*Asks:* 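One structure, as structure tokens, below. Some questions next.
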2 protein chains.
Amino acid sequence: MTETQIPDIVVSRLPIYLRALTRLQQEGQHITSSGELGRRLGISSAQIRKDLSHFGEFGKQGTGYQIEFLIKQLRQILKVDHEWSVALVGAGDLGSALARYNGFRNRGFRIELIFDNDPAKIGRELSGYIVQDAALLGTLIPQRGIRLAMIAVPAEAAQFVADELVKAGIKGILSYAPININVPEGVQVQYIDPVVHLQRMTFYC
Amino acid sequence: MTETQIPDIVVSRLPIYLRALTRLQQEGQHITSSGELGRRLGISSAQIRKDLSHFGEFGKQGTGYQIEFLIKQLRQILKVDHEWSVALVGAGDLGSALARYNGFRNRGFRIELIFDNDPAKIGRELSGYIVQDAALLGTLIPQRGIRLAMIAVPAEAAQFVADELVKAGIKGILSYAPININVPEGVQVQYIDPVVHLQRMTFYC
DNA sequence: AGACTCATGCTAAAGTTTTCACACATTGCA
DNA sequence: TGCAATGTGTGAAAACTTTAGCATGAGTCT
């Protein structure tokens with residue numbers, strides 16, 4: 001396997017594979033096949049094999065994949081074999097829910113800084129951390145070398161916050177604001193907007 | 001334009017267009033072009049024109065698109081020209097945040113039923129509604145003819161809840177549980193898992 | 001009115017992604 | 001041991017998606 005450019009669409013499926021494999025492992029299984037995995041995910045087995053083949057040969061003919069090994073490989077590929085610190089901006093309802101969510105930890109992430117610009121929230125404790133003044137964002141983030149951030153602020157503030165985050169050295173932003181954000185080259189943005197997902201379904205209803 | 005099958009990938013972009021157009025409208029603009037929209041979204045203008053062309057001719061040569069008109073058309077295409085009632089299962093941190101989120105209303109959705117199975121939560125008020133016993137799900141959902149649901153329960157419970165929802169007549173599920181759900185033909189599922197999004201970014205970091 | 005600019009909708013071409021189908025390795029069993 | 005069953009990795013084909021480029025209509029300016 002040479003160092004070719006991996007298609008984005010392939011990369012975007014790896015976390016799904018990792019999630020399903022982890023599930024299988026929790027269920028006590030040690031070995032699986034592209035067929036079984038595909039059935040679970042509603043994906044063809046050929047696609048799974050082809051996706052994985054971009055990174056190496058992880059399976060054994062006639063047998064399938066050793067789950068523990070494949071998980072380890074995927075974690076390495078996705079660089080979540082170590083923990084990433086994440087900054088969270090916005091400590092409202094959604095931000096609080098994210099801060100308290102304990103599903104980040106064992107999947108490679110930890111919210112380590114929480115910001116808000118509401119004086120009523122600054123200084124308060126949230127899930128073991130003190131909510132910091134958003135004005136300190138430019139200081140604290142570089143100080144800790146944090147590269148990932150989540151935005152849970154109103155749409156109006158999202159672009160401003162994103163700009164500040166980029167200035168602070170953030171390289172990846174996960175935004176919950178229902179608006180498109182513009183960032184310079186080299187910074188990635190992902191969006192979560194439940195309404196978009198709902199609207200994708202109503203078309204077919 | 002004849003009644004051909006619309007590619008999923010095209011449908012999945014329409015909510016993004018709708019969102020951006022609504023934004024432009026809020027900014028006071030009345031007319032836009034595929035070029036402007038594309039620049040905002042990081043999409044080529046040709047793609048936007050091609051996507052829209054599946055549904056009709058909405059623009060005017062030399063001028064562009066009338067925003068108000070295009071919004072109306074997209075709402076109609078996505079069937080969000082009327083409000084959809086949505087059931088929410090799970091009234092924990094995340095469920096509560098969703099229940100209180102007021103971004104659903106003006107985009108075509110309203111949470112109208114909230115369920116939980118925790119006796120401590122059942123009967124309590126949440127965002128103007130009483131949290132119902134999840135055991136009543138099979139009664140209340142058909143009663144109100146609700147077809148969409150959101151799942152905000154722990155991964156362990158998600159498949160069970162989904163099964164119940166399907167039995168109750170739900171046709172579209174938006175799941176926040178970090179697990180793949182199996183549903184029968186004709187029922188749609190969409191997933192929101194922040195970790196998946198974060199992992200898609202760490203690959204490139 | 002004529003010349004120019006702009007931006008659509010469309011066809012064709014280019015590019016990307018998925019599926020197919022098969023050689024080959026491994027396991028289990030008679 | 002030989003044979004059937006299973007399941008990988010892959011090259012080639014098929015399917016799908018995006019981009020390019022152009023004919024055309026609509027506004028604008030002189």
Side-chain angles (χ1 to χ4, degrees), chain A residues 1-17 20-21 24 29-74 77 200 203-204, chain B residues 1-17 20-21 24 29-74 77 200 203-204:
Chain A
M1 191 65 258
T2 50
E3 185 60 31
T4 54
Q5 190 46 48
I6 312 293
D8 282 6
I9 196 155
V10 170
V11 174
S12 80
R13 279 190 294 259
L14 299 183
I16 310 286
Y17 299 163
L21 287 164
L24 278 167
Q29 226 169 296
H30 291 106
I31 285 188
T32 189
S33 65
S34 59
E36 181 180 41
L37 206 51
R39 231 170 297 120
R40 289 222 173 191
L41 298 176
I43 286 178
S44 82
S45 63
Q47 178 155 89
I48 292 174
R49 291 200 302 279
K50 172 100 5 170
D51 283 352
L52 294 177
S53 77
H54 285 97
F55 304 96
E57 307 195 355
F58 304 124
K60 213 160 128 190
Q61 288 177 327
T63 310
Y65 301 89
Q66 236 213 292
I67 294 178
E68 192 186 337
F69 173 73
L70 188 49
I71 287 177
K72 209 166 161 186
Q73 294 298 311
L74 283 173
I77 293 165
R200 281 175 185 163
F203 177 84
Y204 301 98
Chain B
M1 189 68 254
T2 49
E3 185 61 30
T4 53
Q5 190 47 51
I6 312 293
D8 283 6
I9 197 157
V10 170
V11 174
S12 79
R13 278 190 295 260
L14 299 182
I16 310 286
Y17 298 163
L21 287 164
L24 278 167
Q29 226 170 297
H30 292 106
I31 286 188
T32 189
S33 65
S34 60
E36 181 180 42
L37 205 51
R39 232 168 299 119
R40 288 221 173 194
L41 297 176
I43 287 178
S44 81
S45 62
Q47 178 155 89
I48 293 174
R49 292 199 302 277
K50 169 128 295 186
D51 284 350
L52 294 177
S53 78
H54 285 97
F55 304 96
E57 307 193 356
F58 304 125
K60 216 160 129 188
Q61 289 176 326
T63 310
Y65 301 90
Q66 235 213 291
I67 294 177
E68 192 186 337
F69 173 74
L70 187 51
I71 287 177
K72 209 166 160 184
Q73 295 298 313
L74 282 174
I77 292 166
R200 282 176 186 163
F203 176 83
Y204 301 99

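Naming: A, B, ... by sequence-line order, numbering from 1 per chain. Keep in mind it's a predicted model, so treat the numbers as computed, not measured.
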*Asks:* Scan A:Ser45 against the nucleic acid and name what it touches under 4.0 Å (heavy atoms): base, sugar-phosphate only, or nothing.
*Replies:*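 No contact.
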*Asks:* Counting just side-chain N and O atoms, does B:Ser44 come under 4.0 Å of either OP1 or OP2 of D:dT19?
*Replies:*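 Checking D:dT19 against B:Ser44, a side-chain N or O does come within under 4.0 Å of OP1 or OP2.
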*Asks:* In whole angstrom, what separates B:Glu57's CD from D:dA26's P?
*Replies:*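 To the nearest whole Å, that distance equals 11 Å.
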*Asks:* Reckon B:Leu52 touches a base, only the sugar-phosphate, or nothing at all at heavy-atom distances under 4.0 Å?
*Replies:*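 Since no nucleic acid heavy atom lies under 4.0 Å of B:Leu52, the category is nothing.
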*Asks:* Under a 4.0 Å heavy-atom cut-off, which of residues 62-72 of chain A touch DNA chain C?
*Replies:*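 Heavy-atom contacts with DNA chain C come from A:Gly62, A:Thr63.
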*Asks:* Just the rounded figure in Å: distance from C1' of D:dC16 to CD of B:Gln47.
*Replies:*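 Distance, rounded to whole Å: 13 Å.
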*Asks:* Within this structure, what is the CD-to-P distance between A:Gln5 and C:dT16, rounded to whole angstrom?
*Replies:*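 Whole-Å distance recorded here is 11 Å.
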*Asks:* Establish, with yes or no, whether the OP1 or OP2 oxygen of D:dG9 is under 4.0 angstrom from a side-chain nitrogen or oxygen of A:Arg49.
*Replies:*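 For D:dG9, OP1/OP2 do not have a side-chain N/O of A:Arg49 under 4.0 Å.
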*Asks:* How do A:Lys60 and B:Thr32 order along DNA chain C: which one's closest nucleotide is nearer the 5' end?
*Replies:*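 This one resolves to B:Thr32.
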*Asks:* Determine the sole option in B:Leu70, B:Ile71, B:Leu74 for which the side chain to side chain contact (heavy atoms under 4.5 Å, CB included) test with B:Tyr17 is passed.
*Replies:*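 Checked B:Leu70, B:Ile71, B:Leu74 against B:Tyr17; only one passes side chain to side chain contact (heavy atoms under 4.5 Å, CB included): B:Leu74.
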*Asks:* Report all side-chain donor-acceptor pairs from residues 32-41 of chain B shorter than 3.5 Å, counting only partners two or more places apart or in another chain.
*Replies:*
| unit_1 | atom_1 | unit_2 | atom_2 | d |
| --- | --- | --- | --- | --- |
| B:Thr32 | OG1 | B:Glu36 | OE1 | 2.3 |
| B:Ser33 | OG | B:Gly35 | N | 3.4 |
| B:Ser33 | OG | B:Glu36 | N | 3.1 |
| B:Ser34 | OG | B:Arg49 | NH1 | 3.1 |
| B:Glu36 | OE1 | B:Gln29 | NE2 | 2.8 |
| B:Glu36 | OE2 | B:Gln29 | NE2 | 3.1 |
| B:Arg40 | NH1 | B:Glu27 | OE2 | 3.3 |
| B:Arg40 | NH2 | B:Glu27 | OE1 | 2.7 |

*Asks:* Between CG of A:Asp8 and CZ of B:Phe203, what distance do you get to the nearest 0.5 Å?
*Replies:*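 The CZ atom of B:Phe203 is 8.5 Å from CG of A:Asp8, to the nearest 0.5 Å.
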*Asks:* Provide the closest heavy-atom pair for A:Val11 versus A:Ile6 in the form atom of the first, atom of the second, distance.
*Replies:*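 Smallest heavy-atom distance, with atoms named: CG2-CG2, 3.8 Å.
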*Asks:* Could you tell me how far apart B:Glu36 (CD) and C:dC6 (C1') are, to the nearest whole angstrom?
*Replies:*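 Answer to the nearest Å: 14 Å.
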*Asks:* Shortest non-hydrogen contact from B:Pro7 to B:His54?
*Replies:*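 Nearest pair, atom of B:Pro7 first, then B:His54: CD-NE2, 3.9 Å.
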*Asks:* Are any of A:Ser34's side-chain N or O atoms less than 4.0 Å away from OP1 or OP2 of D:dT8?
*Replies:*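 Checking D:dT8 against A:Ser34, a side-chain N or O does come within under 4.0 Å of OP1 or OP2.
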*Asks:* For A:Ile48 and D:dG9, what is the distance between atoms CD1 and P respectively, to the nearest whole Å?
*Replies:*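 Rounded to whole Å, this separation is 12 Å.
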*Asks:* Going from CD1 on B:Ile77 to CG on B:Leu52, what distance comes out if it is rounded to the nearest 0.5 angstrom?
*Replies:*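 Result: 7.5 Å between the selected atoms.
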*Asks:* From D:dT19, C:dT8, C:dT18, pick the nucleotide closest to the side chain of B:Ala46?
*Replies:*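 Closest of the options to the side chain of B:Ala46: D:dT19.
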*Asks:* For D:dG7, does OP1 or OP2 lie under 4.0 Å from any side-chain N or O of A:Gln61?
*Replies:*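 False: A:Gln61 side-chain N/O out of range (4.0 Å or more) of D:dG7 OP1/OP2.
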*Asks:* Closest heavy-atom contact between B:Ser12 and B:Ile16?
*Replies:*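 Result for this residue pair: O-CG1, 4.0 Å.
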*Asks:* Mapping B:Lys50 and B:Ser33 onto DNA chain C by nearest heavy atom, which one lands closer to the 5' end?
*Replies:*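 Closest to the 5' end, via its nearest nucleotide, is B:Ser33.
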*Asks:* When the distance from CZ of B:Phe55 to C1' of C:dC10 is rounded to whole Å, what number comes out?
*Replies:*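 Those two atoms, CZ and C1', are 17 Å apart.
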*Asks:* What is the distance, to the nearest angstrom, from the CD1 atom on B:Ile31 to the C1' atom on C:dC6?
*Replies:*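 Rounded to the whole Å, the gap is 13 Å.
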*Asks:* Figure out the CG/C1' separation between B:Leu37 and C:dC6, and round it to whole Å.
*Replies:*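 Answer to the nearest Å: 17 Å.
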